[in-house]
Amino acid sequence: MTVPPNNLPFLFAAFAVVWAVFFIYAAYMSWRRQSVQRDLQELQQTMESSSESDTDDEERAGSV
């Protein structure tokens, strides 16, 4: 009877690499989501301040 080769260290290494890649990808996606969310908030604030200044301009033009 022959003994099967001991590939357990290679299996563990592959398993560890796959999980490491997964966690790095998950962290990167979380960072990107936060970045996009910040950009959207800045855009929303810019649009709100722009619409407020447009309303102020219309009120000034109407009172003249």
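Starting from 1, each residue takes its place in the sequence as its number.
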Exercise. Each residue besides V17 in its hydrophobic cluster should be listed here, by chain and number; the cluster joins Ile, Leu, Val, Met, Phe, Trp and Tyr at side-chain heavy-atom distances under 4.5 Å.
Key: V21

Exercise. Please go through F23's hydrophobic cluster and name the other residues, only I, L, V, M, F, W, Y counting, with side-chain heavy atoms under 4.5 Å joining them.
Key: F15, W19, F22

Quiz item: With clusters built from Ile, Leu, Val, Met, Phe, Trp and Tyr whose side-chain heavy atoms come within less than 4.5 Å, directly or transitively, what are the remaining members of the cluster of M47, listed by chain and number?
Solution: L43

Self-check item: Nearest-0.5 Å distance, CZ of residue F12 to CG of residue L8
Solution: 9.0 Å

Practice problem: May I ask you to decide if Q45's main-chain N or O and S49's side chain share a donor-acceptor pair within less than 3.5 Å? | Solution: yes

Donor-acceptor pairs under 3.5 angstrom involving side-chain atoms of residues 30-39: please list them, not counting sequence neighbours.
| residue | atom | partner | partner atom | Å |
| --- | --- | --- | --- | --- |
| R33 | NH1 | Q37 | OE1 | 3.2 |

